[in-house]
Amino acid sequence: KIFKHLRQDGGACLSSDEYAAFQRSDERNWQRIAVLYGYIPGDDFMREDSITDPKGIAGGDHAAWVVTQALDRISRGSSHIGKQNWARRDEESKVIRSYGSVTRGGRGATFQDAHTGAITEVLCTNALVNCASDASTEERRESDRQWAESVNDMLDKILDSMSSVGSPGRLRVFGRVTISKRFNAETDLDRRRVDYVMPVDMLFTENKRKTLQSFCDSFNSFGPGATQETRIQEPDATTLDYLLRLKRLMMKFTSQADFVSSEDKGAVIEQESNELSSSGNGEKITRRQPRRKRFHNFSGVLAHEFMAYRRVDRMFHRATIRSSGDTAETSVVSRRPFIVLSCSGDFFLRHQVARMLGLLIAICRGLIGEDILEAMFDEKYSGLMLAPAAPHRGLLAGEAGYTLFEGKAKAILSARRCEVYDRGFNDDSIVSAVERWQVCEAMGSVARSWLLEGTADGALISVQSWLNKTLEPWAAKMQPQLEQYRQWKSSRGRKSINCPQLPRVGPHFVPPLYREVLSHLRSIDANGLWPTTTPSRQLVMLSTTADTKRVTSLAVLGKKAKKNDKNSSRSPYSYVEGEGGASGSFSVGFMPGNRAQPKHNQAFPALTRAAFELERALYPNRPPSSTIAVNRNAQFRPHTDKGAGSGQSTSLIVALGDYTGGQLMVEGEENDILYQPLEFDGWTQRHWTLPFAGERYSLVWFTPLGCEGRYGLDLH
């Protein structure tokens, strides 16, 4: 191996240039590096209207892939981009970066919002570092500057090769630092900041006292890029009052510090098991801890998953910017300001920030009451109230912080002026380049993207389109649900903590088709033979017990469920089986693969046969199902079905019994299923049960992946 280069050249020694090229081609000589870079998607991806064949940078995954390809070419000494299809995006997600989800996983819950840019982000990869290990700080920084220039030259060539009607986007590398192989740019960060750049039109509502122009002029430019030229005037008292109310509203989205006692086992705080230890003399300790909030209404994560509990440290008005060259944008509105709102936390779920901003705008415009926030964060409320998402074009990944790992690496891993270490992204040239990029390229490009569709009577078409098509219809649909929450909240102290008073009516007429199945269900119930519910299924069922000593936090209960083994008899949930109206769920039919088959096939053969025959009678043209979930008095939280962990066919559900209320909600649509069967996609569509009073059974027919061709009717 030592003389491999001699064999390749007929035994002759290589020149210094040839040997350097040989060294570059051997990846064993490459080192692990962290790269600081930024990117902006192309105009084709920033527009709300779809384009058949969009060109340019698509978003975070695509940008990271392009950067690593450019780094690979630079490391090998190539200055040509070749015939590479730079629009391909099939390998993008393999790059480990600050806002990626390669190692974190989470069923896509932590994926970066599509078609969004970044002021700065860090990725880690392997590359050739042409700098001696004993080089001085200045020599190393000069080598890094020359390397960044060569990488950016290649990135410019790549962008030029992406034919696009508008801008193909922007890519800029700022610096590099050698790093340990243990460094993971995705999981080693302890803080993320996400910015949202939006025109003040989003907050403006038509009124007699203020026009859009006067509303725009009332905002003083400040923050990154604000100069004397772009400042309009000092804000007046009315504007200051408005901004103060905006600040107080944003604080309601954040994690507030709270005094938590060690006896509060349901507190969702920073400690792993949410437990506070007692002092040595047995006294209980009370500490001030940031209490997390449940953000399932702002993402695709389910309410009972621990990932739904997120820490949002701060939500604030970071800047108001104007384009210095924009003197008369239209004949109606000039020098339009753009507000930059920022959110910082440990990490954010997919769509979380966009939905937080969408809800903030809805409240500011008076489309929904401020108590919608209380409803969305109320752990005891089982309904799903999905917040509206603001347009993705305004989102920017702001900055990723690696405070803890910086001590291990002895290097600064974010662009800031800091002299603690002489390695990293604290070089003044890097920080200055990031500051220029932030204002002139990142924020400026996003601000200009709002103008792509043009204006109508001074109003931005992009804003009006979102208001008319998304926000206002959402508000009209959400008003009744908010009213339901208000009624639930006012009634929960009278009867039970989860079910409001519901009127009772006389016995429902039972259609002949359902009588046999209902008879079997009632017989099993009356004889005390109803099976117990599995721990995982209990987590998506609502408890109505009034026992305040029991743990009710879903985050804590989720951890308990994971710790329960097959031989454990402990319930992970806050009720004992059969208590409080949520009293049982089991399955009959087939399970895929090597899974244990439901034992209830033998325990209840008559019910199993009658239930599968009922499906054939209800939907004779539907392919027969392999499996049925049987529920009794179960009020489910918003959830999706596991399909035995592998996906499933379209579900068919029907309810039986004598009850009122209890409608099935599917992605916010209410459905009365009492003797009225309904087909829906239970694997992808979130669904839940509204409160009910009385006797309620339900059957859910489905076929898990792997059970195709196996019919429950074949059991008999």
Side-chain angles (χ1 to χ4, degrees), residues 40-41 43 46-49 115-117 119 166 194-207 210-226 230-233 235 239 242-243 246 250 316-343 353-354 356-367 388-396 398 438-472:
I40 299 297
D43 286 352
M46 299 285 270
R47 301 172 65 96
E48 291 300 317
D49 49 338
H115 313 319
T116 57
I119 296 174
V194 177
D195 296 339
Y196 193 85
V197 182
M198 67 178 181
V200 295
D201 306 47
M202 304 281 271
L203 302 176
F204 175 72
T205 54
E206 197 74 38
N207 60 74
K210 184 167 286 190
T211 64
L212 177 57
Q213 181 65 67
S214 61
F215 186 70
C216 290
D217 291 343
S218 65
F219 284 85
N220 183 41
S221 298
F222 76 96
T230 59
R231 293 182 186 276
I232 299 297
Q233 61 184 27
T239 304
Y242 178 85
L243 294 175
L246 180 65
M250 290 190 290
F316 61 102
H317 181 188
R318 183 165 181 254
T320 298
I321 62 174
R322 285 178 171 86
S323 174
S324 59
D326 178 24
T327 56
E329 179 185 301
T330 71
S331 59
V332 180
V333 177
S334 64
R335 300 176 66 82
R336 174 181 269 108
F338 290 83
I339 290 179
V340 182
L341 300 180
S342 295
C343 298
V353 175
M356 289 169 62
L357 269 298
L359 183 60
L360 177 75
I361 294 167
I363 296 174
C364 289
R365 295 183 68 90
L367 296 175
H392 65 78
R393 74 175 76 195
L395 283 172
L396 278 173
Q438 174 178 223
V439 178
C440 302
E441 298 290 346
M443 291 182 179
S445 295
V446 172
R448 288 188 292 273
S449 73
W450 288 100
L451 307 174
L452 289 174
E453 290 84 354
T455 61
D457 297 328
L460 293 174
I461 294 177
S462 57
V463 173
Q464 290 302 313
S465 175
W466 177 72
L467 293 174
N468 297 334
K469 295 179 181 179
T470 301
L471 195 63
E472 292 173 357

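Nothing fancy with the numbering, it's 1 onward along the sequence.
- Side-chain atoms of Ser465 do not come within 3.5 Å of backbone N or O of Ile461 as any donor-acceptor pair.
- Aromatic pair Tyr196/His392: ring centres not closer than 6.0 Å.
- Considering all non-hydrogen atoms of both residues, Asp201 and Ala459 come closest at OD2-CA, 4.4 Å.
- At a threshold of 4.5 Å between non-hydrogen side-chain atoms, the residues Phe338 and Thr320 do not count as touching.
- Heavy atoms only, all atoms of each residue included: Ala390 and Leu357 are closest at CB-CB, 4.2 Å.
- The shortest distance between side-chain heavy atoms of Leu246 and Cys364 falls below 4.5 Å.
- Inter-residue side-chain proximity for Asp195 and Arg318 is flagged as met; some heavy-atom pair is nearer than 4.5 Å.
- Closest non-hydrogen pair, Pro388 versus Leu471, comes out as CG-CD1, 3.7 Å.
- In this structure, Phe215 and Phe204 have tilted ring planes: the angle between them lies in the 30° to 60° band.
- The two atoms that bring Ser445 and Ile40 nearest to each other are CB-CG2, 3.8 Å, heavy atoms only.
- Contact of the Val463 side chain with the Trp450 side chain is registered, since non-hydrogen atoms from C-beta on lie closer than 4.5 Å.
- Rounded to the nearest 0.5 Å, atoms CZ (Arg448) and CD (Glu441) are 7.0 Å apart.
- Side-chain contact between Met443 and Ile119 is present, with heavy atoms from C-beta onward closer than 4.5 Å.
- In this structure, the side chain of Trp466 does not engage the main chain of Met202 through any donor-acceptor pair within 3.5 Å.
- Arg365 and Thr205 are not linked by any side-chain donor-acceptor pair at a separation below 3.5 angstrom, with hydrogens and angles left out of the test.
- With contacts defined as side-chain heavy-atom distances shorter than 4.5 Å, the pair Leu396/Val446 qualifies.
- Using a 4.5 Å heavy-atom cutoff, the side chains of Leu341 and Phe316 are not in contact.
- In this structure, Ser214 contributes its side chain and Thr211 its backbone to a donor-acceptor pair below 3.5 Å.
- Between Tyr242 and Phe219 the shortest side-chain heavy-atom distance falls below 4.5 Å.
- Separating the CE atom in Met198 from the CG atom in Leu460 is a distance of 12.5 Å, to the nearest 0.5 Å.
- Between Glu453 and Arg393 there is a salt bridge, since at least one side-chain N of the basic residue sits less than 4.0 Å from a carboxylate O of the acidic one.
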